[in-house]
Peer 1: 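Encoded as structure tokens, here's the structure I'll be asking about.
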Amino acid sequence: MAESKTKPPETRAAGRRAKPPAPLYADRYDPQAIEQKWSERWAQNPELYRASTPADAKVASAGGPGAALKKYYVLEMLPYPSGALHMGHVRNYAIGDALARYMWMQGYNVLHPMGWDSFGLPAENAAIQNRTPPKQWTLHNIASMKRQMKRLGFAYDWSKEVTTCLPEYYRWNQWFFLKLFERGLAYRRKSKVNWCPKCATVLANEQVLPSGCCWRHEDTLVEQRELEQWFLRITDYADELLQGLDKLQGWPEKVRTMQRNWIGRSEGTLVDFRLDGVAGPAGDRIPVFTTRVDTIYGATSLQLAPEHPTVTDLIANNPELLAKVEDLMAEQRRAKEAGDIGEIEKHGVFTERYAINPFNGERVPIWVANYVLMDYGTGAIMSVPAHDERDYEFAKKYGLDIRVVIYPRREGDASSGEPNEPVLPFVETNSLVINSGEFSGLPSEDVIARMSKYAEEHGFGKATVTFRLKDWGISRQRYWGTPIPIIYCAACGIVPVPEKDLPVLLPENVEITLAGDGVPGAPVVGTTGWGGSPLGKVPEFVNVSCPKCGGRAHRETDTMDTFVDSSWYFYRYTDPTLSDRPLDPDTVGYWFPIDQYIGGVEHAILHLIYSRFWTKVMRDMGLVHNAEPAERLFTQGMVIKGGAKMSKSLGNVVSPDDMIARYGADATRMYTLFGGPPDRDLDWQDDGIKGISGFLSRVYRFVARNANQGRAAGSAGSTGLSPAARRVQRKLHQTIRRVTEDFGGRWHFNTSIAAVMELVNELYAYEDSVQRGEPSAPPSLLADAQHRLVLMLAPFAPYLAHELWETLGETSDLLRAPWPQYDAALAKEEEVEYAIQVNGKIRSRIVVPADAGEQEVRELALADEKVKAAIAGKEIIKVLVVKGRLVNVAVK
RNA sequence: GCGAAAGUGGCGGAAUUGGCAGACGCACCAGACUUAGAAUCUGGCGGGUAAAACCGUGGGGGUUCGAGUCCCCCCUUUCGCACCA
């Protein structure tokens with residue numbers, strides 16, 4: 001029991017002594033004292049939240065040999081150690097912690113780990129600003145955030161902690177990279193990359209906002225640069241990543257849709273159009289991707305993206321055209337930046353060159369158009385104005401030929417007969433092909449297959465599938481990341497670092513400054529922002545001898561995208577101390593897949609698609625058996641305030657530390673669950689948390705003055721109870737049912753907590769009834785109610801629950817105490833109130849025994865005075881009785 | 001433009017399959033206890049009325065004995081995708 005720190009209670013007690021009744025209320029709820037007490041106890045017992053190993057779980061199982069204790073892996077997305085937790089973290093972890101504690105109480109062997117996604121840009125930026133080494137800054141942040149998590153009472157198994165910026169972890173990033181390289185899944189190529197001038201580094205496609213700006217610098221436009229980059233062949237898994245989504249029934253539909261869009265699978269045909277006349281370095285043919293090859297006889301031009309390599313070949317000696325194409329390019333870029341590509345007016349330039357349609361040998365003019373995108377398909381399209389809205393608009397504008405080759409099918413006529421003249425552009429596929437040589441008269445769908453086959457047989461095309469998904473560029477020109485374990489040798493070329501030489505350690509004696517920002521005399525051995533990799537400025541890192549020939553060589557100086565770290569961290573949790581392997585397949589086999597993953601929807605694409613990819617690669621390597629990392633995914637809503645995202649600039653940031661100091665950790669985390677359903681945004685109300693604090697206080701006071709009721713004797717019967725006592729009993733069992741159902745189903749903890757509040761209100765009403773002279777309940781009932789109340793509180797407010805568990809005289813470990821069961825018979829109402837409607841309007845209410853028959857209810861309803869008055873003089877058409885709810889009398 | 005989710009008191013939100021709209025909490029009002037305040041307890045609290053009637057779930061239609069819930073049309077907000085060939 002928390003001791004009171006202040007004097008006033010004494011004076012209050014003294015003041016009250018004078019008059020009866022005796023002081024009703026015990027000491028005030030003091031969350032700080034309670035939480036400090038239990039924090040200390042928990043700190044002394046690090047085994048408390050430790051997951052049993054698979055072997056131990058077997059032993060612990062009561063089910064005999066072979067029957068392992070059932071496992072449950074609950075995982076929350078690990079934070080970036082920015083320095084302090086924000087409310088969004090608190091909400092995320094409060095959900096996970098409630099679930100983990102509930103599953104423990106349900107008897108599961110729970111794995112509930114936490115770690116740090118600790119590589120990344122902010123550490124470097126902080127290093128530049130504060131002249132602190134990134135590692136020091138990061139580890140310092142980790143320490144303080146870990147302290148916050150412990151203060152919040154989250155039940156993590158810290159023996160499983162993973163810190164991605166430490167060599168013990170990132171060496172396995174390097175190991176995986178080597179394995180991917182061996183399997184041909186990691187490769188290097190020169191590529192245009194997104195370059196943020198402020199970050200001075202390459203950004204992944206996913207890190208470029210739709211506006212064309214950097215995700216970290218929303219006001220800075222991303223440029224294009226050509227660099228040698230390492231890529232991971234995620235596109236090899238595009239189909240499986242897509243198909244797997246159908247099986248992920250435990251994932252939100254929203255996330256699956258987003259991933260489907262991101263993968264962007266599209267079936268079509270690749271057709272080569274031969275250039276008529278000149279051919280340049282880019283080749284003599286232009287491949288075109290189309291999903292509607294059945295319309296190819298209607299192609300009246302080719303349209304190239306402004307950045308298409310062939311464009312310069314075609315118009316190299318025409319400065320006027322070149323300038324126009326430049327304009328188109330600029331226009332397209334501008335539209336992308338503004339985010340309204342899709343709405344810009346279509347513009348184009350005729351190159352004065354032609355290509356040959358391989359199907360009919362026709363010469364078609366080649367244009368460059370601003371609505372054709374280089375980064376989709378082949379960057380070139382055939383333009384069929386009659387059967388594509390965009391092409392139609394373009395052709396109308398520039399007076400290009402429009403040739404109809406698809407006709408609608410007539411009603412009830414599948415293959416022949418007189419076609420109807422279509423309204424242009426006519427884009428339906430359920431139609432007939434005409435004016436198309438040997439393909440005329442056939443249905444479109446058939447023609448697509450036939451034409452693809454024809455193209456392949458004649459060597460100018462084939463059926464193909466394109467994806468929007470691109471290979472994953474992982475090279476970053478940054479210091480604070482995992483060094484890519486590759487050595488470049490003048491004689492041997494690209495040489496992977498031998499496995500025995502791992503890890504390639506990230507040098508730590510590096511001071512990070514911006515180029516030209518060096519303090520004279522300071523030991524600046526690394527710089528950033530000079531356009532190359534900071535590690536390139538560390539000679540002792542760069543210069544090595546070639547592992548193959550022993551000659552002089554140099555290391556790769558780029559580091560890996562931090563999404564590599566987060567793609568497999570949850571496997572490492574199962575045994576993070578392994579020093580000879582990234583993971584133990586048996587241990588992983590026991591724990592995986594993750595039963596419940598919880599995090600923000602902002603990771604719907606990047607992290608969640610990369611980690612699915614990684615899992616599939618690991619499966620192909622024989623490391624794991626599961627094809628997907630997580631069985632169920634829950635995306636919680638954001639914590640907002642006043643309808644807006646919390647931000648420093650809006651000044652609406654609510655700090656968890658402040659709330660903990662004012663109301664305690666229990667109230668803070670519980671409010672994040674009470675404020676609204678967890679899948680929706682939570683609008684933070686400064687006064688809302690007061691309600692939770694007051695509720696916890698009510699619980700505390702009730703138990704403080706009613707704890708000495710003896711031991712709970714389990715459910716007693718309901719006979720002989722006073723009405724108020726019976727209400728307590730009924731509400732108790734109803735509440736257990738509601739809370740249990742919420743955990744098992746909707747996860748609407750806001751209503752679970754509301755239900756527990758109702759129970760507490762009922763307990764207070766009972767006390768009040770005793771004050772008024774009604775008979776007391778048997779002590780066992782009160783003891784039982786308090787025990788179960790505390791058990792139900794445990795997942796939401798662990799500090800108070802533990803304190804009260806002790807107050808109730810319990811010495812067992814609350815974390816592993818069995819979750820309470822309810823008795824349906826005791827939860828049942830003896831009487832129900834029926835609403836009596838006349839023509840749908842409520843006219844009266846009657847209370848009848850719950851088991852009253854329909855006929856009885858009908859008679860009682862019709863005998864009711866108010867009902868009689870309402871139906872007087874009218875004819876009863878129908879009397880409808882809805883069991884347990886209402887009676888509706890229809891009259892005329 | 002396409003797709004998804006949402007729109008309920010002063011506020012956050014309840015109402016699981018069509019069946020008493022507004023649970024629970026905040027704010028507010030009143031009372032009790034206090035020298036007083038804080039805290040606590042009790043009661044009230046959609047609009048409207050003296051009380052009823054009556055009106056109320058973004059707007060308009062519909063189905064039904066009965067609609068926040070189902071159907072059609074429209075409006076607004078948020079999110080995702082967006083010349084994807």
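Throughout, a chain's letter reflects where its sequence line sits, starting with A, and its residues are numbered from 1.
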Peer 1: Quantified in whole Å, what is the C1' atom distance between nucleotide B:C28 and nucleotide B:G9?
Peer 2: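 Straight-line distance between the two C1' atoms is 13 Å.
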
Peer 1: Go through B:U42, B:C83, B:G19 for me and flag the one nearest to the A:I344 side chain.
Peer 2: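 So the nucleotide nearest the side chain must be B:C83.
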
Peer 1: Given that A:H748 and A:K346 both sit by RNA chain B, which one's nearest nucleotide is further toward the 5' end?
Peer 2: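 Checking each residue's closest nucleotide, the 5'-ward one belongs to A:H748.
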
Peer 1: Any idea which of B:C81, B:A23, B:A85 is nearest the A:R468 side chain?
Peer 2: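 Of B:C81, B:A23, B:A85, B:C81 is nearest to the side chain of A:R468.
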
Peer 1: Listing time: all N or O pairs from protein to nucleotides 52-54 of chain B that are below 3.5 Å?
Peer 2:
unit_1 : atom_1 : unit_2 : atom_2 : d
B:C54  : OP1    : A:R843 : NH2    : 3.3

Peer 1: Without decimals, in angstroms, what is the distance between A:I640 CD1 and B:A6 P?
Peer 2: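 Result: 16 Å.
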
Peer 1: Would you mind classifying the nucleic acid contact of A:Q837 as base, sugar-phosphate or nothing, using non-hydrogen atoms under 4.0 angstrom?
Peer 2: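 The residue A:Q837 makes base contact.
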
Peer 1: Hey, which of these two, A:N750 or A:V882, hits RNA chain B nearer its 5' end, going by closest nucleotide?
Peer 2: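 With A:N750 and A:V882 compared, the 5'-side residue is A:N750.
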
Peer 1: Examine distances only and state if a side-chain atom of A:Y834 and a backbone atom of A:A861 form a donor-acceptor pair shorter than 3.5 Å.
Peer 2: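 No, A:Y834 side chain to A:A861 backbone: no donor-acceptor pair under 3.5 Å.
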
Peer 1: Using the P atom as the point on both nucleotides, what is the distance between B:C55 and B:G68, in whole Å?
Peer 2: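 13 Å, rounded to whole Å.
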
Peer 1: Can you tell me how the ring of A:Y700 sits relative to the ring of A:Y29, calling it parallel under 30°, perpendicular over 60° and tilted otherwise?
Peer 2: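 It falls in the tilted class, 30° to 60°.
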
Peer 1: Can you tell me how far P in B:G12 sits from the matching atom in B:G56, rounded to whole Å?
Peer 2: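 It works out to 23 Å between them.
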
Peer 1: Would A:R705 and A:Y764 count as a cation-pi pair here, with the cationic atom under 6.0 angstrom from the ring centre and within 45° of the axis?
Peer 2: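 Yes.
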
Peer 1: Looking across every strand, which nucleic acid part, if any, lies under 4.0 Å from A:E389 by heavy atom: base, sugar-phosphate, or nothing?
Peer 2: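 Here A:E389 touches no strand at all.
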
Peer 1: Indicate yes or no for a side-chain donor-acceptor contact from A:N370 to the backbone of A:H347 under 3.5 Å, with no hydrogens or angles considered.
Peer 2: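 A pair under 3.5 Å: yes.
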
Peer 1: With under 30° as parallel and over 60° as perpendicular, where do the rings of A:Y376 and A:F289 fit, or are they tilted in between?
Peer 2: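 Rings of A:Y376 and A:F289: perpendicular, over 60°.
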
Peer 1: With a 4.0 Å limit, can you tell me whether A:S266 has a side-chain N or O closer than that to the phosphate oxygens OP1/OP2 of B:A85?
Peer 2: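 Answer yes for this pair, as a side-chain N or O of A:S266 is under 4.0 Å from OP1 or OP2.
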
Peer 1: Looking at CE of A:M87 and OG1 of A:T668, how far apart are the two atoms once the value is rounded to the nearest 0.5 Å?
Peer 2: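 Here the rounded value is 5.5 Å.
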
Peer 1: Between the protein and nucleotides 25-32 of chain B, list the N/O to N/O atom pairs that are separated by less than 3.5 angstrom.
Peer 2:
unit_1 : atom_1 : unit_2 : atom_2 : d
B:G25  : OP1    : A:N761 : ND2    : 3.2
B:A27  : OP1    : A:K690 : NZ     : 3.4

Peer 1: What's the shortest heavy-atom distance between A:D683 and A:Y671, and which atoms?
Peer 2: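 Nearest pair, atom of A:D683 first, then A:Y671: O-OH, 3.8 Å.
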
Peer 1: Grab the CE-P distance between A:M638 and B:A6 for me, whole Å please.
Peer 2: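 Taking CE of A:M638 and P of B:A6, I get 17 Å after rounding.
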
Peer 1: Can you tell me how far C1' of B:A4 sits from CG of A:D681, to the nearest Å?
Peer 2: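 Value for this atom pair: 15 Å.
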
Peer 1: Between B:C24 and B:U76, how many Å separate the two C1' atoms, rounded to a whole number?
Peer 2: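 29 Å, rounded to whole Å.
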
Peer 1: Provide the Watson-Crick or G-U wobble partner of B:C83, both distances under 3.5 Å; none if there is no partner.
Peer 2: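 B:C83 is unpaired by these criteria.
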
Peer 1: Go through B:A14, B:C81, B:G19 for me and flag the one nearest to the A:I605 side chain.
Peer 2: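 The closest nucleotide is B:C81.
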
Peer 1: Can you tell me the distance, in whole Å, between the CG atom of A:L682 and the P atom of B:U78?
Peer 2: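 It works out to 19 Å between those atoms.
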
Peer 1: Would you say NZ of A:K874 has more than 12 non-hydrogen atoms from neighbouring residues, nucleotides or ligands within 6.0 angstrom?
Peer 2: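 For A:K874, atom NZ is not crowded (no more than 12 foreign heavy atoms under 6.0 Å).
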
Peer 1: Could you give the NE2-to-P distance, from A:H308 to B:A85, as a whole number of Å?
Peer 2: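 That distance rounds to 17 Å.
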
Peer 1: Give me the distance, rounded to whole Å, that separates B:A15 from B:G25 when you measure between the P atoms they each carry.
Peer 2: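 B:A15 and B:G25 have their P atoms separated by 16 Å.
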
Peer 1: Provide the Watson-Crick or G-U wobble partner of B:A15, both distances under 3.5 Å; none if there is no partner.
Peer 2: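 Partner of B:A15: none.
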
Peer 1: Could you work out, with ring pair (Phe, Tyr, Trp, His ring centres under 6.0 Å) as the rule, every residue matching A:F743, not counting sequence neighbours?
Peer 2: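 Testing A:F743 for ring pair (Phe, Tyr, Trp, His ring centres under 6.0 Å), a comparison that skips the adjacent residues, returns A:Y102, A:F749, A:F796, A:W819.
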
Peer 1: Looking only at heavy atoms, which two atoms of A:V364 and A:A299 are closest? And how far apart?
Peer 2: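 Heavy atoms of A:V364 and A:A299 come nearest at CG1-O, 3.6 Å.
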
Peer 1: Using only side-chain N and O atoms of A:R390, determine if any of them is under 4.0 Å from OP1 or OP2 of B:C84.
Peer 2: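 A:R390 to B:C84 OP1/OP2: side-chain N or O found under 4.0 Å.
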
Peer 1: Roughly how many Å apart are B:A27 and B:C11, using the P atom of each and rounding to a whole number?
Peer 2: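 The same atom, P, in both gives a distance of 15 Å.
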
Peer 1: Please pick, from B:G13, B:C83, B:C41, the nucleotide with the shortest atom-to-atom distance to any side-chain atom of A:R701.
Peer 2: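 Given the options B:G13, B:C83, B:C41, the side chain of A:R701 is closest to B:C41.
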
Peer 1: Would you mind telling me which of B:G19, B:A6, B:C84 lies closest to the side-chain atoms of A:Y376?
Peer 2: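 Nearest nucleotide to the side chain: B:C84.
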
Peer 1: Round to the nearest Å and state the distance from A:R662 atom CZ to B:A39 atom P.
Peer 2: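 Going from CZ in A:R662 over to P in B:A39 covers 13 Å.
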
Peer 1: With both distances under 3.5 Å as the test, what is the Watson-Crick or G-U wobble partner of B:C54?
Peer 2: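 Per the H-bond distance test, B:G47.
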
Peer 1: Which atom pair, heavy atoms only, marks the closest approach of A:Q303 to A:Y371?
Peer 2: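 It is CG-OH, 3.8 Å.
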
Peer 1: Now, which nucleotide makes the Watson-Crick or G-U wobble pair with B:G7, with each of the two distances under 3.5 Å?
Peer 2: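 Pair assignment: B:G7 / B:C75.
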
Peer 1: Answer yes or no: does a side-chain N or O of A:R256 lie under 4.0 Å from OP1 or OP2 of B:C81?
Peer 2: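 Answer is no, no contact under 4.0 Å.
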
Peer 1: Describe the nucleic acid contact of A:E741 in one word from base, sugar-phosphate, nothing, applying a heavy-atom distance below 4.0 Å.
Peer 2: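 Answer is base: heavy atoms of A:E741 come under 4.0 Å of a base.
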
Peer 1: Categorize A:V372 for me: base, sugar-phosphate, or nothing, with a 4.0 angstrom heavy-atom threshold over every strand shown.
Peer 2: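 Base, at least one base heavy atom under 4.0 Å.
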
Peer 1: Indicate yes or no for a side-chain donor-acceptor contact from A:R858 to the backbone of A:V879 under 3.5 Å, with no hydrogens or angles considered.
Peer 2: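 Confirmed, A:R858 side chain pairs with A:V879 backbone.
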
Peer 1: Is the glycosidic torsion of B:G9 within 90° of 0, making it syn, or is it anti?
Peer 2: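 Classified syn.
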
Peer 1: Mind calculating the distance between CH2 (A:W262) and C1' (B:G80) to the nearest angstrom?
Peer 2: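 Taking CH2 of A:W262 and C1' of B:G80, I get 12 Å after rounding.
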
Peer 1: Between B:C79 and B:U69, how far is it from one P atom to the other, in whole Å?
Peer 2: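 To the nearest whole Å, 26 Å.
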
Peer 1: How far does the C1' atom of B:G58 sit from the matching atom of B:U78, given to the nearest Å?
Peer 2: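 My reading of the C1' atoms in B:G58 and B:U78 gives 15 Å.
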
Peer 1: Counting any heavy atom closer than 4.0 Å, what does A:G675 reach on the DNA or RNA strands: base, sugar-phosphate only, or nothing?
Peer 2: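 The answer is sugar-phosphate, as A:G675 gets under 4.0 Å only of primed atoms, P, OP1 or OP2.
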
Peer 1: Return the nearest nucleotide to the side chain of A:M258; candidates are B:C84, B:G80, B:U42.
Peer 2: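 Nearest to the side chain of A:M258 among the choices is B:G80.
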
Peer 1: Using only modelled atom types and a 3.5 angstrom limit, is any donor from either the side chain of A:N888 or the base of B:C65 paired with an acceptor on the other?
Peer 2: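 Check passes, donor-acceptor contact within cut-off.
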
Peer 1: Would you please classify the geometry between the A:F426 ring and the A:H387 ring as parallel, tilted or perpendicular, with 30° and 60° separating the classes?
Peer 2: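 Perpendicular: the ring planes of A:H387 and A:F426 meet at over 60°.
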
Peer 1: Checking contacts here: which listed nucleotide (B:A23, B:C65, B:C83) is nearest the side-chain heavy atoms of A:K878?
Peer 2: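 Out of B:A23, B:C65, B:C83, the nucleotide with an atom closest to A:K878's side chain is B:C65.
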
Peer 1: A:M382 CE to B:C84 P: how many Å, rounded?
Peer 2: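 Distance, rounded to whole Å: 14 Å.
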
Peer 1: Let's test this: given Watson-Crick or G-U wobble pairing with both distances under 3.5 Å, identify the partner of B:A30.
Peer 2: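 Checking every strand shown, B:A30 finds its partner in B:U42, with both distances under 3.5 Å.
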
